[in-house]
Amino acid sequence: MSVQEEAGLGSEALLETAAAIVERASGYPGVHEAEARVGLTVNSFSRFADVGPTQSAERARLDVSLRLRMADGSKLTEAGSHGQSLDVEDVDALIERAASLAKVSPALVDPVAMGGPVKVDMQKLTGSADPATLAHDPARKAKAIGDAIARCEAAGVNPAGLYDTTGAAQALFNSAGRAVRSESSRASFALTATVPDAAGLGGAGWGECIRSTAGELEAGLIDAAVGRALLKAAPGVERGAVKPGEFTVVLEPAAVSSLLLFASYYGFGAKEVEEQSSFLCGRIGEKLFPESLVIRDRWNHPMYRTSGFDGEGTPKKSLALLENGALTGPVTDRRFAHKLLGDADASTGHGAPQPSGHGPSAGALAIDAGDQTLEELIGGVEHGLLVSQFHYTNVIDPREMMLTGMTRNGLFLIEDGRLAGPLKNLRFTMSLVQALQNVTGIGSELDISGALFDGEVVAPPVRIESFRFTSATDF
Amino acid sequence: MSDFMKTSAAAVAAAEAQGATYADARFNELYTEKYGLHNGALEDASTSEQRGLGLRVLVDGAWGFAAAGGDEPGAAAELAKRAVDAARALATARRTPVELTADKLESGEYRTPVEEDPFALSLADKVDFLVAADAGLQGHESVVARDVNLGLRRERQWFAASGGVEQYQELTRCGAGVSATAAIGGVVERRSYPASFGGNYGAAGFEFVRAMDLPAHGRRVRDEAVELCSAPVCEAGERDLILMGNQLMLQIHESVGHPNELDRVCGHEVDLAGASFATTEKLGKFQYGSDIVNLVADSTAPGGLDTRGWDDDGVKSGRWHVVKDGIFNGYHTSREWGHRIGESESRGTNRAEGWYNPAIIRITNLSLMPGTWTLDDLIADTEDGVLCDTVKMWSIDQRRLNFQFTTEVGHEIKNGKKGRMVRKPTYQGNTPDFWRSCDAICNEDHWQLWGVPNCGKGNPMQVAEMSHGAAPARFRKQTFVV
């Protein structure tokens with residue numbers, strides 16, 4: 001029996017637990033409002049490399065968080081506490097820690113009450129976890145890993161990767177009557193195939209697949225990911241070099257993801273707009289972008305497994321953030337909905353768990369699919385580059401969304417609409433705003449992928465004109 | 001023996017009984033307090049307590065790891081079964097068995113030296129500390145965000161390993177910082193003290209954050225943020241670069257620390273974090289930097305975020321040159337990885353984030369040794385340069401060669417004099433060329449440790465902490481880009 005089978009998920013039980021914690025906390029002297037979140041994560045992973053499986057974990061964790069508001073006359077204060085135990089003594093300590101800290105905290109300015117009962121169909125928010133994915137064990141991972149390594153050995157490349165299966169459940173209950181819960185499962189497989197070279201100058205390719213169930217991965221997606229990695233590594237093919245400059249590029253979904261994630265972190269939230277650091281500032285409603293480009297925050301996209309409510313228990317709204325050629329308004333939490341609209345209940349459902357210094361953020365970005373195949377996107381390029389993935393992208397200036405990063409795991413020259421061989425890597429320095437303005441083609445096939453930092457994006461491949469590369473490498 | 005040490009020892013014994021040829025267990029407890037004052041409001045005030053047991057076993061030449069939260073004594077046997085079963089299953093796909101260096105592990109105790117226990121201080125005193133630090137940041141209408149951060153951690157770990165090894169560690173870490181963000185005419189700029197992204201952190205008690213004297217620096221930070229908004233953008237071109245310590249520390253981290261993790265060098269981290277140019281044939285002969293460049297790894301350095309008694313292999317902390325007189329001299333290793341390059345002992349840099357994760361090689365405290373210059377003399381000796389201060393943005397390729405960094409602020413240096421302020425100074429280069437261009441390092445009066453509390457590595461990613469010591473240093477003819 002795997003750790004996941006044994007632990008189960010049981011979001012209903014978590015919700016009951018959260019309610020019991022709130023009831024207990026509400027009896028504490030001076031408590032005005034209380035909100036509890038309880039989460040359970042069960043995870044099994046195996047990493048691998050040329051020597052076979054290198055590291056693994058079978059693990060489970062329970063996380064309990066409490067948010068308390070204390071009243072002292074007309075003064076309201078707030079603090080939080082986190083723990084990993086449901087023992088009565090530990091829950092009492094959790095309450096005591098939050099209450100003690102709230103008592104000495106400065107008064108809240110313009111406090112917004114915690115959200116009340118949710119008025120949408122809870123069934124739609126709850127989701128489900130796949131039992132077979134929860135039961136996925138190291139023996140099954142070893143089989144897939146062994147097969148992938150064997151294919152890499154046959155191709156003469158070195159493998160390194162990860163096979164991960166995770167189940168997660170969470171519940172939130174507060175003294176205003178809000179009660180929400182969710183369950184999900186996730187499976188992912190990734191492989192980087194590197195052409196051996198003593199000095200580390202060999203080429204590399206990468207393939208990844210992420211879905212809600214391990215069954216989907218093992219129905220051909222892992223085989224396809226391994227195939228992509230081997231194809232892009234291009235063992236035996238000498239890589240050419242191009243000088244940095246402006247190129248028409250076709251970015252595959254993983255490359256698109258690593259750019260858009262910075263709009264997710266720093267761009268679409270109301271706090272960044274209020275503090276003038278968002279690229280939305282001065283651009284909302286302006287027709288600056290191609291009409292074919294539509295970016296949404298869409299937690300219920302079939303490729304996502306995110307919860308249907310945010311850190312405050314507010315149901316997430318699916319929103320178009322860029323449509324009809326223009327950026328729309330920012331996403332909000334209860335505080336910013338109150339601030340901007342005078343109605344906390346108008347929150348778009350993008351808040352962080354409270355208390356937090358983080359403002360709202362759009363964490364489920366998805367670009368609408370276009371109508372071109374990858375081959376057609378490439379076919380429209382006379383002289384340009386196909387980019388598989390970017391590495392260590394970071395933001396120089398969030399207001400202009402000026403980003404820099406390196407290509408990796410497959411950069412290819414495009415000549416006369418055809419791939420013309422692998423290239424050594426380049427660094428780009430480019431404004432995301434400009435890049436989106438320069439989109440001239442959108443692919444029809446979506447994929448979900450992340451980058452070095454947190455988060456994932458659902459994106460098609462896109463073609464962008466005048467994409468600026470600023471330096472090169474010798475590998 | 002404490003109850004928690006008994007739990008760890010029981011897990012090791014249970015694993016051995018089920019066939020493990022080696023096992024180690026860590027019962028880990030982490031208590032943290034986090035405070036974030038934003039525009040005078042305490043937006044983030046929370047405490048956290050985590051505890052659980054992580055068990056690692058070696059069976060049939062493969063690793064298995066299992067972890068569970070809580071402190072139930074009966075969990076050890078169940079964890080042992082899970083870890084052993086996982087190792088057995090994965091061994092079927094293993095090409096070569098794991099082997100370990102023959103380090104002789106010792107039992108003992110280690111505690112971070114602390115003058116003022118941060119958890120004995122009242123919560124009210126800590127809130128007062130934040131409010132006082134915020135006072136200096138106030139008073140300018142163009143400042144749109146004022147932030148004061150304070151973070152306190154105490155980690156206690158009961159480690160047991162095959163052979164009856166028992167190690168107890170209690171690590172205390174504190175950090176704080178202030179920042180101001182100004183917005184004028186569509187230009188938004190931030191200044192921070194003593195470092196960005198939450199401030200500076202060290203292994204110490206509350207005396208560490210008191211010594212920062214945050215209230216005394218608020219006004220300067222605020223005024224520099226405002227001034228930056230109207231400063232010109234640093235021009236592109238080739239000039240000398242002087243890096244202050246709170247930027248140089250990140251250069252050390254990204255271009256020396258990570259490329260010298262041996263698991264990364266051998267391709268085992270390539271799938272997410274990346275690989276390394278510092279391949280094994282370069283050891284002992286590669287010109288990493290100029291001959292004044294000495295980079296020393298030291299997990300015994302007083303105040304270092306990774307200063308401890310032992311790593312999570314149970315190997316004693318130590319000190320060695322990663323770069324000696326400019327030549328590449330040594331890797332960060334573990335018992336598994338030291339063996340792979342034929343070393344008889346591990347360098348002791350295998351660490352896990354808490355009880356939930358298996359250990360991987362992590363950078364320890366890694367510092368550029370001080371030179372002989374004063375900062376005033378260094379500026380006076382520079383004809384055409386830019387002095388860059390405080391991390392703003394960093395990016396480096398997956399082999400740790402091509403990098404691009406932006407700092408919060410720059411000052412032009414013309415004919416030996418510090419001149420006008422410039423914003424967004426961005427320099428781009430190549431790791432060995434950069435370190436080989438170092439021709440002057442300031443002396444120990446300018447040298448201090450800078451903490452990195454949030455280094456990510458592994459897949460799934462884990463967070464670790466370490467410090468980097470640096471004094472301002474000069475790098476000739478660097479490329480500035482816009």
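First the proteins, then the strands, lettered A, B, ... as listed; each starts at 1. Side chains are part of it too, since the values below use all heavy atoms of this structure and drop only hydrogens, waters and symmetry mates.
Ranked by non-hydrogen atom pairs under 4.5 Å with chain B, the options A:Gly83, A:Ala229, A:Ala93, A:Gly357 are led by A:Gly357. With respect to chain B, the highest number of heavy-atom pairs below 4.5 Å among A:Gly52, A:Ala49, A:Pro53 belongs to A:Pro53. Comparing A:Ala57, A:Ala79, A:Ala139 by how many heavy-atom pairs each has under 4.5 Å with chain B, the most go to A:Ala57.
Heavy atoms closer than 4.5 Å to chain B are found in the side chain of A:Thr470, but not in its backbone. For B:Val188, the part lying near chain A is the side chain, with the backbone staying farther off; criterion is any non-hydrogen pair under 4.5 Å. With a 4.5 Å cut-off on non-hydrogen atoms, A:Ser46 touches chain B through its side chain but not through its backbone. Neither the backbone nor the side chain of A:Leu62 comes within less than 4.5 Å of any heavy atom in chain B. Contact annotation for A:Ser105: both backbone and side-chain heavy atoms come within less than 4.5 Å of a heavy atom of chain B. A:Asp397 touches chain B through its side chain: at least one heavy atom from C-beta onward sits under 4.5 Å away, while N, CA, C and O do not. Using a 4.5 Å cut-off between heavy atoms, A:Leu191 touches chain B through its backbone atoms (N, CA, C, O) alone. With a 4.5 Å cut-off on non-hydrogen atoms, A:Thr194 touches chain B through its side chain but not through its backbone. If you measure heavy-atom distances from B:Thr406 to chain A, the contacts under 4.5 Å come from the side chain alone. Interface remark: A:Asp63 contributes no atoms to any contact with chain B (heavy atom separation under 4.5 Å). Of the two parts of B:Val481, neither the backbone nor the side chain holds a non-hydrogen atom closer than 4.5 Å to a non-hydrogen atom of chain A. The contact between A:Asp164 and chain B is made entirely by side chain atoms (from C-beta outward), counting heavy-atom distances below 4.5 Å. Of the atoms belonging to A:Phe475, it is side-chain heavy atoms, and not backbone ones, that fall under 4.5 Å from chain B. Heavy atoms closer than 4.5 Å to chain B are found nowhere in A:Val109, neither backbone nor side chain.
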Can B:His38 and A:Lys271 be said to form a side chain to side chain contact (heavy atoms under 4.5 Å, CB included), step by step?
CA-CA 12 Å; B:His38 182 73; A:Lys271 185 175 183 182; 3.4 Å; yes
Could you walk me through whether A:Thr192 and B:Gln398 pass the side chain to side chain contact (heavy atoms under 4.5 Å, CB included) check?
CA-CA 12 Å; A:Thr192 297; B:Gln398 64 94 2; over 6 Å; no
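Atom CD of B:Gln404 is separated from atom CE of A:Met406 by 10.0 Å, given to the nearest 0.5 angstrom. Note that OH of B:Tyr35 is 5.0 Å distant from CG of A:Leu101, once rounded to the nearest 0.5 Å. Residue A:Thr473 holds its OG1 atom at 8.5 Å from CZ of B:Arg399, rounded to the nearest 0.5 Å.
The existence of a salt bridge linking B:Glu189 and A:Arg399 is excluded, since no basic side-chain nitrogen approaches an acidic carboxylate oxygen closer than 4.0 Å. Between B:Lys424 and A:Glu400 there is no salt bridge, since no side-chain N of the basic residue sits under 4.0 Å from a carboxylate O of the acidic one.
Looking at A:Gln84, its side chain does come within 3.5 Å of a backbone N or O of B:Arg51 through a donor-acceptor pair. The backbone N or O of A:Ala472 sits less than 3.5 Å from a side-chain atom of B:Asn402, completing a donor-acceptor pair. A:Glu78 places no side-chain N or O within donor-acceptor distance of the main-chain N or O of B:Ala45, the cut-off being under 3.5 Å.
At a cut-off of 3.5 Å, with distance as the only test, a side-chain donor of A:Arg427 or B:Ser395 sits close to an acceptor on the other residue.
By the neighbour-count criterion of 12 heavy atoms within 6.0 Å, atom NZ of B:Lys282 is densely surrounded, having more than that number from other residues, nucleotides or ligands.
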